[in-house]
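Remarks on the structure that follows.
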Amino acid sequence: MVADKGKKLKVADKNEEENAEQIDGDLVLSIEKLQEIQDELEKINEKASDEVLAVEQKYNEIRRPVYDKRNEIIKSIPDFWLTAFLSHPALNELLTEEDQKIFKYLSSLEVEDSKDVKSGYSIIFNFNANPYFGDARLVKTFTFLDEGTTKVTATSINWKEGTGIPNCINNDKKGNKRAHAEESFFSWFSETQQKDNMDEIHDEVAEIIKEDLWPNPLNYFNNEADEEDFEGDEDDEEGKGGDGSEDDDDEQDDDDVEDGDEDEDN
């Protein structure tokens, strides 16, 4: 009887092993099939990326003359880029009071993608002749290299004698509408580096200029105009309120005089 139980246990153990082997085999087969599907999806994604890249290159060429036309119009608007920077909720904190004086000579700003788009881009600042530096064109370039590193280069600014990157001081003064930056914008511009980890080289300023300001700077230029209109309306409201108060005071004075006359008659 004991022998029969032992035989049954061995058979049961054997069946469990066979079932486990079957399950392992099915799992391996499922994973292999899943990997084949993922490989197929990867090929489709690569093809899609190439086609999207081709479309982006095509429309970059179409946009270029339109951007050039826009730049020509912007040049006729005084302090356009300075106003757009100061009206931007993030970029307005980057300009010191001295930077703002320099930005008055900024005639145009451009963002140019590399020919294959994914290799990087450049941000270009074009300046009119000015008393600060001799360069008419300042360029900061972000290059994405094949090995996964990002290289950042920038024009070396030729500051004129007696000038240089503005002092990093807090220029906030009582009565100013906005606080000025503590560090010059040109300090950011002059920063160059190369790192293996692309996350470490994240440049928020460059991305804001490229993805937000450059596509439609008129949004931010108009913000300044709207803000001034709004403040003008507030002043008008305050003026009206003041006039009304004076009228109320006059009416109160008249009432007091009438009350006095009645007391004298009594």
Side-chain angles (χ1 to χ4, degrees), residues 60 63-88 90-115 117 119-145 149-169 171 180-195 201-218 220-221 224:
N60 275 348
R63 292 187 193 104
R64 177 50 49 194
V66 181
Y67 280 137
D68 291 341
K69 188 186 299 183
R70 186 182 75 176
N71 275 340
E72 289 304 313
I73 296 174
I74 286 176
K75 288 178 181 179
S76 67
I77 302 175
D79 300 334
F80 179 90
W81 287 109
L82 171 60
T83 303
F85 260 77
L86 292 179
S87 301
H88 194 286
L91 298 177
N92 67 359
E93 300 177 355
L94 300 178
L95 300 183
T96 66
E97 192 170 12
E98 196 67 20
D99 289 340
Q100 293 180 33
K101 295 177 184 178
I102 299 174
F103 261 58
K104 283 183 170 292
Y105 295 93
L106 180 61
S107 61
S108 67
L109 184 152
E110 303 171 57
V111 174
E112 289 186 357
D113 286 309
S114 301
K115 288 188 176 181
V117 180
S119 292
Y121 61 93
S122 296
I123 300 176
I124 304 163
F125 300 84
N126 295 303
F127 285 86
N128 293 322
N130 63 80
Y132 298 96
F133 44 74
D135 310 277
R137 181 181 173 93
L138 302 181
V139 183
K140 186 160 187 173
T141 301
F142 296 81
T143 305
F144 308 137
L145 305 177
T149 61
T150 301
K151 183 179 181 181
V152 182
T153 57
T155 303
S156 179
I157 302 176
N158 296 311
W159 295 96
K160 293 183 178 179
E161 186 176 355
T163 65
I165 293 179
N167 292 330
C168 302
I169 58 175
N171 292 306
H180 299 303
E182 294 184 3
E183 185 174 4
S184 172
F185 173 82
F186 295 94
S187 296
W188 165 81
F189 182 86
S190 300
E191 291 176 355
T192 59
Q193 53 192 324
Q194 180 172 332
K195 295 183 179 179
I201 204 169
H202 173 74
D203 194 311
E204 186 177 2
V205 174
E207 290 185 7
I208 290 174
I209 294 174
K210 180 179 186 292
E211 303 295 340
D212 191 22
L213 180 67
W214 166 248
N216 192 352
L218 189 58
Y220 298 103
F221 182 84
E224 179 73 4

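The first residue of the sequence shown is numbered 1, and numbering continues consecutively from there.
- Within the 4.5 Å cutoff, no side-chain heavy atoms of L213 are placed close to those of V111.
- Between I165 and S190, the shortest heavy-atom distance links the atoms CD1-OG, 4.0 Å.
- Using a 4.0 Å cut-off between charged nitrogen and carboxylate oxygen, K210 and E207 do not count as a salt-bridge pair.
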task: Step by step, work out the side-chain contact (heavy atoms from CB on, under 4.5 Å) result for V139 and I123.
output: CA-CA 6 Å; V139 183; I123 300 176; over 6 Å; no

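- Between P217 and F80, some side-chain heavy-atom pair lies under the 4.5 Å cut-off.
- Using a 4.5 Å cut-off on side-chain heavy atoms (C-beta onward), I209 and F85 make contact.
- For Y105 and F127, the ring centers sit 6.0 Å or farther from each other.
- Taken to the nearest 0.5 Å, the CD atom of Q100 stands 9.5 Å off from the OG1 atom of T83.
- No hydrogens or angles considered: nothing links the side chains of N71 and S108 as a donor-acceptor pair under 3.5 Å.
- Of all heavy-atom pairs spanning E211 and P215, the tightest one is O-CG, 3.5 Å.
- Expressed to the nearest 0.5 Å, how far CD1 of I77 lies from CZ of F221 amounts to 5.5 Å.
- Here the closest heavy-atom approach between residue S107 and residue N128 is recorded as CB-OD1, 3.6 Å.
- A heavy-atom distance below 4.5 Å is not found between the side chains of F125 and F186.
- E110 and N126 get closest at one heavy-atom pair: OE2-ND2, 2.8 Å.
- The two atoms that bring Y121 and A206 nearest to each other are OH-CB, 3.5 Å, heavy atoms only.
- Proximity of Y220 to D212: side-chain heavy atoms (C-beta onward) are separated by under 4.5 Å at one or more points.
- Atom CG of N158 and atom CG of D135 lie 4.5 Å apart (nearest 0.5 Å).
- When all heavy atoms of I73 and S76 are compared, the pair lying nearest together is O-OG, 2.5 Å.
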- request: Could you walk me through whether D99 and S184 pass the side-chain hydrogen bond (donor to acceptor under 3.5 Å, both in side chains) test, one step at a time?
  value: CA-CA 7 Å; D99 289 340; S184 172; 2.8 Å; yes

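- Note on ring orientation: taking the six-membered ring where Trp is involved, the planes of W159 and F133 are perpendicular (angle over 60°, cut-offs 30° and 60°).
- S122 and T141 are linked by a side-chain donor-acceptor pair at a separation below 3.5 angstrom, with hydrogens and angles left out of the test.
- We find the CZ-OG1 distance between F103 and T96 to be 9.5 Å, quoted to the nearest 0.5 Å.
- Distance CG/L138 to CG/L109: 10.5 Å, rounded to 0.5 Å.
- Screening residues 69-82 for salt bridge (Lys or Arg N to Asp or Glu O under 4.0 Å) gives E72-K75, D79-K104 as the qualifying pairs, with residues at least two apart or on separate chains.
- Applying the side chain to side chain contact (heavy atoms under 4.5 Å, CB included) test to A154 and every residue at least two apart in sequence or in another chain returns K140, F189, T192.
- Residues W188 and E183 fail the side-chain proximity criterion, which asks for heavy atoms closer than 4.5 Å.
- No side-chain heavy atom of V152 sits under 4.5 Å from any side-chain heavy atom of E191.
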task: Apply the test side-chain contact (heavy atoms from CB on, under 4.5 Å) to residues I124 and E112: give CA-CA distance (whole Å), side-chain angles for both, the deciding distance (0.1 Å), then the verdict.
output: CA-CA 8 Å; I124 304 163; E112 289 186 357; 3.6 Å; yes

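- Counting heavy atoms from C-beta outward, L145 and T143 have side chains that approach closer than 4.5 Å.
- Between the CD1 atom of I102 and the OG1 atom of T163 there is a distance of 7.5 Å, given to the nearest 0.5 Å.
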